[in-house]
Amino acid sequence: MTALPPIREVIQRHCLAASKALGQNFLLDEQLLDRIAALPGSLAGEQVLEVGPGPGGLTRALLRSGARVTAIEMDRRCLPALAELGESFPGQLTVIEGDALKIDHAALMGGAPFHVLSNLPYNVGTALFVRWLSGEAWPPLWKSLTLMFQREVAERIVASAGDDAYGRLAVLAQWRSEARLAMKVHRSAFTPPPKVMSAIVHVTPTAMPEGVSARMLERLTEAAFGQRRKMLRQSLKGVPGALEALAGLGIDETRRAETISVAEFVAIAKAMG
Ligand code: SAM
């Protein structure tokens with residue numbers, strides 16, 4: 001393998017001035033990038049989907065780890081730099097130009113299991129995260145998600161009942177997956193530095209609880225957290241079967257959504273049938 005030029009040099013040579021509109025904040029520290037690529041465990045021979053490779057910092061760390069990477073990038077200015085990177089790792093990198101929100105990832109990965117790693121703009125990252133965690137089919141085709149978020153969003157994903165950050169996102173992320181805050185990343189690690197701190201969340205699927213549909217659970221948490229300061233007997237009034245389920249399970253209907261654990265939400269959804 002030939003030595004790769006520093007990412008900073010790649011950015012300069014390909015004139016990849018960071019675009020604010022595309023949420024571009026690049027990571028240049030190769031040691032940090034190698035640590036991020038190591039978070040899912042060994043990726044040697046594994047298929048990886050990377051969304052938003054940009055100039056390819058994380059991509060090169062993934063390729064170095066022996067992964068076969070399919071990368072979706074919206075900014076066509078980055079494509080020549082990525083093509084160059086692919087030449088250093090023959091047969092390991094496929095780059096798709098496009099909007100990751102409009103692409104069918106399972107089809108793109110040929111229906112085979114894959115890991116997802118990504119450092120995305122906040123709004124795109126959250127939309128994709130919700131998409132990867134929604135739907136009835138479980139386990140999903142992805143084996144793990146390793147995603148950079150604003151720290152505040154990462155805290156919402158891993159929050160427990162009673163935490164200020166606890167809400168729909170935590171229930172979605174934890175009812176049939178394990179979600180942990182894997183690494184905090186200081187804003188100064190990015191070029192240009194964003195206004196807020198970041199953190200990486202690592203998610204792996206667990207077993208789907210029996211007798212619970214994703215649609216039912218979503219309906220329940222939408223109603224419960226839609227009025228999070230209200231008692232459940234008020235917020236769940238319009239959800240058929242919910243108050244009966246609470247009574248059957250012995251869950252006090254004067255409690256508020258923010259005190260109901262993920263396991264309790266699952267039990268309520270199950271009791272609603
Ligand atoms: N992975 C690089 C790194 O860590 O240095 C770049 C990270 S930068 C925060 C986000 C990247 O996502 C940019 O290259 C941007 O062009 C790309 N991007 C933004 N929205 C996208 C979308 N909807 N689909 C695919 N890529 C997108």
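Every number for a ligand or one of its atoms is a count from 1 in the order of the listing.
- Although no hydrogens or angles enter the test, the distance criterion places no donor-acceptor pair under 3.5 Å between the side chain of Gln150 and the main chain of Glu152.
- Side-chain N or O atoms of Ser177 include none that pairs as donor or acceptor with a backbone N or O of Pro205 at under 3.5 Å.
- Under the 3.5 Å distance criterion, the side-chain polar atoms of Arg233 are left unmatched by any main-chain donor or acceptor of Lys237.
- Ligand 1 is surrounded by Leu22, Gly23, Gln24, Asn25, Phe26, Leu27, Glu50, Gly52, Pro53, Gly54, Ile72, Glu73, Met74, Asp75, Gly98, Asp99, Ala100, Asn119, Leu120, Pro121, Val124, each with at least one heavy atom closer than 4.0 Å.
- Residues His105 and Trp142 have side chains that never bring a donor and an acceptor to within less than 3.5 angstrom of each other.
- Between Glu264 and Arg255 there is a salt bridge, with a side-chain nitrogen of the basic residue lying less than 4.0 Å from a carboxylate oxygen of the acidic one.
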Review item, side-chain donor-acceptor pairs of residues 35-61, under 3.5 Å, at least two apart:
| residue | atom | partner | partner atom | Å |
| --- | --- | --- | --- | --- |
| Ser42 | OG | Ala44 | N | 3.4 |
| Glu46 | OE1 | His115 | NE2 | 2.9 |
| Glu46 | OE1 | Lys143 | NZ | 2.8 |
| Gln47 | NE2 | Met109 | O | 3.4 |
| Glu50 | OE1 | Thr59 | OG1 | 2.6 |
| Arg60 | NH1 | Pro5 | O | 2.9 |
| Arg60 | NH1 | Glu30 | OE2 | 2.5 |
| Arg60 | NH2 | Pro5 | O | 2.8 |

